[in-house]
Number of protein chains: 2
Amino acid sequence: MADGRAPTGIGGENLLFLTDEQLRQGSEAMFFAYRGFTADPDRILMDLAYGRAHHRAIHFINRAPGTTVNNLLNILGVTKQSLNRVLRTLIADGLVESKVGRNDKRERHLHLTDAGKALERQLSDAQRARLRAAYREAGPEAVAGFRKVLEAMMDPEMRASYARLRETGG
Amino acid sequence: MADGRAPTGIGGENLLFLTDEQLRQGSEAMFFAYRGFTADPDRILMDLAYGRAHHRAIHFINRAPGTTVNNLLNILGVTKQSLNRVLRTLIADGLVESKVGRNDKRERHLHLTDAGKALERQLSDAQRARLRAAYREAGPEAVAGFRKVLEAMMDPEMRASYARLRETGG
DNA sequence: ATATTACGTCAGCCTTGTTGACACTCCAAG
DNA sequence: CTTGGAGTGTCAACAAGGCTGACGTAATAT
């Protein structure tokens, strides 16, 4: 199975395209595409002395305004120390606001300030432009397949996070 | 255009699906999927005190045996100092061999040793397993679309590297 | 003969991840 | 009311893996 040959039998249900070579090409496509995917925001962030970690925080705070630190931790999959370092600078720079919870006062609810929203817009505009161009080039059916495969590649918990964001956001 | 509304006009050529919200979901799909994509190899590498950088080097040396350092540098998009650190440990550990070029003796041609090939096999098996499962779940047409969009997302140079690897390798 | 290319390496810096430990606030349960 | 635990913030120390700058060496190209 891992010998690089195409499957020989006739009865493989849809398996004809799953040669090792094609799977390898899929890996490489992911690698190169992800580079492109992050390139544009990275350029913007560089000038601001921020990194990809800041972008991720801003993105998901914008996506789920009022989210708690713990929730964000789960989505991002990093330690609270790591997130806190990023969050601290964003708060200090006036891009993110942290409000004590009304219901449970231990929790902090995170929001973007106007400045934060402006940066988010700038970053996501850049990223969306690339995605939009790619979508347009590939066509609608390709986009559906793209999303389908990506979703199938996720870990189950990530898939749940993704689905949850989709419900509330779109 | 960046206001989150769906395009209103009738004549948008294939633009109906390109709402900001759907583009945003595409970004998130990329983010979560890439995490899944790297998760399995990462687990294997952790035990060996290697990281993702080692994986990438091993992958592309296996893919293009005899490649030069400079060529690998271009594919990976890192500095030679960064690559050298990784390469040095791989050579010291007997996973990679560096041979002086016959034609141009300044060049070093990189190959995997048997041990290197074994590790490459282990890593790519893990990654392929996930990709294969995702492909199977999503179906053949989805896979075609997946590849099409990913390729369209790449920077032009990366697209060239990707195409070159595809020619020689598959 | 000289300039350039390909490579290796040292030193130092940054971001972003990690663990471990500790403090504080607050909710919930006994 | 006390106590346990959850949610958060923070300090310290460390590692991986990027980066720049500088220098050296061998071999090719001009």
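Not measured: the values here are computed from a predicted model. Letters go in sequence order (proteins before strands), and every chain restarts at 1.
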Does any N or O donor sit under 3.5 Å from an N or O acceptor when you compare the side chain of K80(A) with the base of dG9(D)?
yes
OP1 or OP2 of dC19(D) versus the side-chain N and O atoms of T79(B): is any pair under 4.0 Å?
yes
Under-4.0 Å side-chain N/O to phosphate OP1/OP2 contact, H54(A) with dT15(C):
no
Main chain of G101(B), side chain of R106(B): is a donor-acceptor contact present, judged purely on distance under 3.5 Å?
no
So which nucleotide from dC7(C), dT8(D), dC26(C) ends up closest to the side chain of K105(A)?
dC26(C)
Under 4.0 angstrom, heavy atoms only, what part of the nucleic acid is H109(A) near: base, sugar-phosphate, or nothing?
nothing
May I ask you to verify whether the side chain of Q81(B) and the base of dG21(D) hold a donor-acceptor pair under 3.5 Å?
yes
Closest-nucleotide mapping onto DNA chain D: is R88(A) or R108(A) further toward the 5' terminus? I mean the 5' end.
R108(A)
Any donor-acceptor pair under 3.5 Å linking the side chain of R108(A) with the backbone of V69(A)?
no
Quick one: is dG17(C) close enough that its OP1 or OP2 comes under 4.0 Å of any side-chain N or O from R56(A)?
yes
Could you tell me how far apart L83(B) (CG) and dA16(D) (P) are, to the nearest whole angstrom?
17 Å
Could you give the CG-to-C1' distance, from L73(B) to dG8(C), as a whole number of Å?
12 Å
Toward the 5' end of DNA chain C, which comes first, A53(A) or R102(A), by nearest nucleotide?
A53(A)
Picking from dG8(C), dC27(C), dT16(C), which would you name as closest to the side chain of D104(A)?
dC27(C)
Measure from the side-chain N and O atoms of S124(B) to the backbone N and O of E120(B), and report whether any donor-acceptor pair falls under 3.5 Å.
yes
Round to a whole Å and report the spacing from CG of L87(A) to C1' of dT10(D).
13 Å
Would you mind telling me which residue lines up with the more 5' stretch of DNA chain D, R85(A) or I91(A), judged by nearest nucleotide?
I91(A)
Classify the ring geometry of F60(B) against F31(A): parallel below 30°, tilted from 30° to 60°, perpendicular beyond 60°.
tilted
Which label fits H59(A) and H55(A): parallel for a plane angle under 30°, tilted from 30 to 60°, or perpendicular past 60°?
perpendicular
NA contact type, N103(B), heavy-atom cut-off 4.0 Å: base, sugar-phosphate, or nothing?
sugar-phosphate
Answer yes or no: does a side-chain N or O of N84(A) lie under 4.0 Å from OP1 or OP2 of dT8(D)?
no
Of E107(B) and V78(A), the one whose nearest nucleotide on DNA chain C sits closer to the 5' end is E107(B)
H55(B) atom NE2 is separated from dA16(D) atom P, nearest whole Å, by 18 Å
Any luck finding a side-chain donor-acceptor pair between Q25(B) and R166(A) under 3.5 Å?
no
Mind calculating the distance between CG (D47(A)) and C1' (dC14(C)) to the nearest angstrom?
16 Å
Here the distance between atom P of dC14(C) and atom CE of M46(A), to the nearest Å, is 16 Å
Does the dA26(D) base have a donor-acceptor partner in the side chain of R106(B) within less than 3.5 Å?
no
Taking CG from L76(A) and C1' from dT18(C), how many angstroms apart are they, rounded to a whole number?
16 Å
To the nearest Å, how far apart are L72(B) CG and dG8(C) C1'?
15 Å
